[in-house]
Asks: 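Got a structure for you, questions after.
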Amino acid sequence: MRRVLLALGLAAACTGSDPLLERVRSAEVTIGDLDVARAYALPPFTDAPMPLYLTVTNRGATADTLVAVRGGEGFPAPMMHGSGMGMLDALPVPAGGALRLEPGALHLMFDPPLPPVARGDSIAVTLTFRRAGSVTIWAPVIGYDEVDAVREE
């Protein structure tokens, strides 16, 4: 049995297939004309904020706006930040376009104090859009060394 599990682990390592990273790449939630995908968080350093990233694609002909974000149980409401770390009140989702929250650009940030999280945990986050309404997503926590593996092509 141990050899079989070791062989399966080696096979997964050789193919680059990691279930957590595959979940980030493939999970998608739809609300109205909006698709929310590629959601993930990075573990915070001691007493540091925790960033959260995702992509919202608007398949519709009318723009929408992300107007509020609420953290799950034990988490504060994350702040919306621009690439220069300035806080924002809302983030536009263009018609026929996408809102990409990614490292070095727009992102969400949970400020401490935070419950302990580690790779493999998931964070519930409720996104509220002006037109589409509210939807709760689950953002897995991945390692800093895995960010490039989940970026959009």
Asks: Using 30° and 60° as the class boundaries, would you call the ring planes of Y53 and Y40 parallel, tilted or perpendicular?
Replies: tilted
Asks: A quick test of your reading: do over 12 heavy atoms of other residues, nucleotides or ligands sit less than 6.0 Å from CG of D89?
Replies: no
Asks: Measure across I123 and M50 and return the closest heavy-atom pair with its distance rounded to 0.1 Å.
Replies: CG1-CE, 4.0 Å
Asks: Does one hydrophobic cluster hold both L52 and M79, with members joined at side-chain heavy-atom distances below 4.5 Å?
Replies: no
Asks: For L54, does its backbone N or O pair with a side-chain atom of R100 as donor and acceptor, under 3.5 Å?
Replies: no
Asks: On a heavy-atom basis, which atom in E102 and which in H107 lie closest, and how many Å separate them?
Replies: O-CB, 4.5 Å
Asks: With clusters defined by side-chain heavy atoms of hydrophobic residues (ILVMFWY) lying less than 4.5 Å apart, directly or transitively, does V125 cluster with M109?
Replies: no
Asks: Taking D47 for its side chain and P112 for its backbone only, find out whether a donor-acceptor pair lies under 3.5 Å.
Replies: no
Asks: For N58 and V93, which heavy atoms make the closest approach, and how far apart are they?
Replies: ND2-O, 3.5 Å
Asks: Assess the side chains of T126 and S134: does a donor N or O sit below 3.5 Å from an acceptor N or O?
Replies: no
Asks: Taking CZ in R131 as the centre, count heavy atoms belonging to other residues, nucleotides or ligands within less than 6.0 Å. Is the count above 12?
Replies: no
Asks: Distance-only, no hydrogens or angles: does the R25 side chain make a donor-acceptor pair with backbone N or O of L20 under 3.5 Å?
Replies: no
Asks: For R23 and S122, work out which heavy atoms get closest and say how close.
Replies: NH1-OG, 3.3 Å
Asks: Does any part of the side chain of D33, heavy atoms only, come nearer than 4.5 Å to the side chain of T62, both counted from C-beta?
Replies: no
Asks: Check P44 against L114 and note the closest heavy-atom contact, atom names and distance.
Replies: CG-CD1, 4.0 Å
Asks: Inspect the contact between R119 and E146 and indicate whether a charged nitrogen and a carboxylate oxygen are less than 4.0 angstrom apart.
Replies: yes
Asks: Using a 3.5 Å distance criterion without hydrogens, assess whether the side chain of D64 forms a donor-acceptor pair with backbone atoms of A132.
Replies: yes
Asks: Would a hydrophobic clustering, with Ile, Leu, Val, Met, Phe, Trp and Tyr connected at side-chain separations under 4.5 Å, put L127 with L88?
Replies: yes
Asks: Tell me, do P103 and R151 make a side-chain contact under 4.5 Å, heavy atoms counted?
Replies: yes
Asks: Is the shortest side-chain heavy-atom distance between M80 and L66 below 4.5 Å?
Replies: yes
Asks: Between L101 and T55, is any pair of side-chain heavy atoms under 4.5 Å apart?
Replies: no
Asks: Under 4.5 Å between side-chain heavy atoms, counting indirect links through other Ile/Leu/Val/Met/Phe/Trp/Tyr residues: same cluster for F129 and V69 or not?
Replies: yes
Asks: With rounding to the nearest 0.5 angstrom, report the OG1 to CZ distance, T57 to R38.
Replies: 10.0 Å
Asks: What are the two closest heavy atoms between G71 and F110, and how far apart are they?
Replies: CA-CE2, 3.9 Å
Asks: Does either side chain, that of R59 or that of T30, offer a donor lying less than 3.5 Å from an acceptor on the other one?
Replies: no
Asks: Under 4.5 Å between side-chain heavy atoms, counting indirect links through other Ile/Leu/Val/Met/Phe/Trp/Tyr residues: same cluster for L99 and V24 or not?
Replies: no
Asks: I want to check something: taking the side chain as every heavy atom from C-beta on, are I142 and L21 in contact at a cut-off of under 4.5 Å?
Replies: yes
Asks: So do L106 and L91 actually touch side chain to side chain, heavy atoms under 4.5 Å?
Replies: yes
Asks: Taking the side chain as C-beta and beyond, is there a heavy-atom pair between V141 and L42 under 4.5 Å?
Replies: no
